[in-house]
Amino acid sequence: MSAKVLLCRCEDVTLAEVEHAIESGQRDIESLKRFTGFGTGWCQGKQCLISCARVLAARVGEFPLAPVTPRPPVHPMPLGMLASLGDAVSVDRLESVGAAGGDHGEGEGER
Amino acid sequence: MTAGRYRVVIIGAGIMGLSTAWHLAKRGITDVLVVDRGYLCGGASGRNGGGVRAQFSSESNIRLMRESIEICRTFAAEMKINVWFRQGGYLFLTRTKQRARMLEASAKLQRDCGLETRLLAPREVRDIVPEIDPTGVELASFNPGDGVVFPWPFVWGYAKAAKDLGVEIATFTEVEGFDTNNGRITGVRLVRTRHDAIVAEDRDERTTAAGPGPRVDASRARVIPEGERFVVECDTVLCCAGAWSPSIARMVGIELPNKPHRHEICSTEPLKPWLGPLVADLTDGLYFSQSMRGEIVGGIAVEPVPHGINQRSSAQFLATYARSLVRTVPSMSRVKVLRQWAGCYDLTPDGNPIVGHVDGCENLVMACGFMGHGFMMAPVMGRLLAEHVATDETSELFARWNLRRFREGKLLSESMIIG
Ligand SMILES: Cc1cc2nc3c(=O)[nH]c(=O)nc-3n(C[C@H](O)[C@H](O)[C@H](O)COP(=O)(O)OP(=O)(O)OC[C@H]3O[C@@H](n4cnc5c(N)ncnc54)[C@H](O)[C@@H]3O)c2cc1C
């Protein structure tokens, strides 16, 4: 049954695949994401992250404290539009854009 | 794994450490512990472009990379994991006369080494990628044998194969320091970086999509608490900590000349297959390729970068990349970027790695400084490093790549570096 339940619809990751990944040792959300590929498609995890996190939580007995590192841009953006940003994007403005993209800046900025 | 003794402790479970661990185990040295402060694929090995090429400017790199490409061809069958290897070639572009002369010299050397590299005039570029606007291109080169892989399964493949042969891999386990005696490391001091619950053996209560099943009974789960410290003893320590290597060397009082250098990358929505090769512009460091999943994955050099280890994303990168990519392939203008991320290159002053024993610490072997092409180096380097650790013989290559060269002023060169 779990082979037919899709948790990540963009990348076709099933419940069975997530369960298998956890059983083969992926016990944190970042490893689980990389092993199964959930959350790397069109929606970037907006739809599937919570379901995958719930399955993981039930298996390892604790809820992941941090979500996966969210990757900017928050919404898909056309290259043509980005190309026209030009010098409007300076180095300092960046840090704040990065933060808006959800970078929690753990430690020395390692995410 | 809490304490104990190992023949080899490898620091860093990136592609380099894992490839070496697997090769050691294949040689019969299974008494190996690989430690990593984070999760698998957390370092550069999980953040790179997956480009694998033999087009280099130095003979050693050309020959080594030919072997790595051969390994990529058989990796899936041997490791029983699909790494999405696709040999679409690498197309290098140059936009200045000086760069063009260097490209000519490299292409000649590559052909002498048996590669099929050919030089292309700007208009011939379109025979390979019709979508490219060749305006401003001076000269190009193409080697059809180069290709791309998907890095994640490559890392998992080595990890699983190494574990199957008896290697232990401890993630979320950080090296904090060493116990030393008479210029030798006797113990590696480790600390757990994450609270880790290990689920009890019996797992009969299934979770359903409708909701989580019953929680694991905490009293049955074995838990290794965060912050737990322990020491493991070993004969040899192999440092495969990539951009973090200087901090490891410093723990035994050795200064490395490497510098971490943030490098950003992004991927677009998936498209129908249209792009054969990985295209790389040696003038501004732009590169892009199409993965087997259809996304266009690419990056570009952006200066200045923040000091030290920094893996944050910047909007400046996206703007710089988009401008260069849209200039090179105007029809990409409407394609959307889905995600961007960053990792660290591990740069050395002469563009060549630092490999082998270090003076001042007898049983510490370094394998770092692989710039922005260490992923493709790892399949062949793992074999050479395992041989070096197992036999203690130093090849002519490792003698040249030794850290000593910086003190002795015998610097090397490599001009075909992207970004
Ligand atoms: C954006 C980007 C694109 C790239 N593109 C390409 C490409 O197309 N082709 C290519 O061949 N290469 C590419 N590279 C380079 C390539 O990714 C690296 O050279 C390669 O992955 C290095 O592998 P490694 O195993 O040596 O290091 P890493 O994968 O960085 O592994 C080092 C590990 O050491 C661990 N570590 C650090 N400190 C400690 C400690 N104190 N205790 C325990 N563990 C520790 C880290 O957590 C890390 O996992 C790219 C790099 C980046 C960043």
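Protein chains get the first letters and strands the later ones, always in sequence-line order, with residue 1 at the start of each.
For the atom pair CZ (A:Arg71) and SG (B:Cys266), the distance works out to 12.5 Å, reported to the nearest 0.5 Å. Taking CZ of B:Phe317 as the reference point, atom CG of A:Leu82 lies at 10.0 Å (rounded to 0.5 Å). Note that the OG atom of B:Ser324 and the CG atom of A:Leu79 stand 11.0 Å from one another [nearest 0.5 Å]. Put simply, CH2 on B:Trp152 and NZ on A:Lys33 are 5.5 Å apart, with the number rounded to the nearest 0.5 Å. To the nearest 0.5 Å, the span separating CE on A:Met77 from CD on B:Gln340 amounts to 10.0 Å.
Proximity to chain A is absent for every atom of B:Arg327, based on heavy atoms less than 4.5 angstrom apart. For B:Thr268, the part lying near chain A is the side chain, with the backbone staying farther off; criterion is any non-hydrogen pair under 4.5 Å. Of the two parts of A:Lys4, neither the backbone nor the side chain holds a non-hydrogen atom closer than 4.5 Å to a non-hydrogen atom of chain B. With a 4.5 angstrom heavy-atom cutoff, B:Leu318 touches chain A via backbone and side-chain atoms both. The part of B:Arg334 that comes within reach of chain A is its backbone (N, CA, C, O), which places non-hydrogen atoms under 4.5 angstrom from that chain. A:Ser31 touches chain B through backbone and side chain together, each having a heavy atom under 4.5 Å away.
Screening B:Met332, B:Lys336, B:Glu269 for a side chain to side chain contact (heavy atoms under 4.5 Å, CB included) involving A:Pro78 leaves a single residue, B:Lys336.
Between B:Phe172 and A:Asp28, some side-chain heavy-atom pair lies under the 4.5 Å cut-off.
Counting non-hydrogen atoms of other residues, nucleotides and ligands closer than 6.0 Å to CH2 of B:Trp341 gives a total above 12.
Summarising the geometry of B:Arg293 relative to A:Thr40, their closest heavy-atom pair is NH2-OG1, 3.3 Å, with the distance given to 0.1 Å. Minimum interatomic distance between B:Leu40 and A:Arg34 (heavy atoms only, all atoms of both residues): O-CD, 4.0 Å.
Between chain A and the residues B:Val335, B:Val155, B:Val302, the most heavy-atom pairs under 4.5 angstrom are made by B:Val335.
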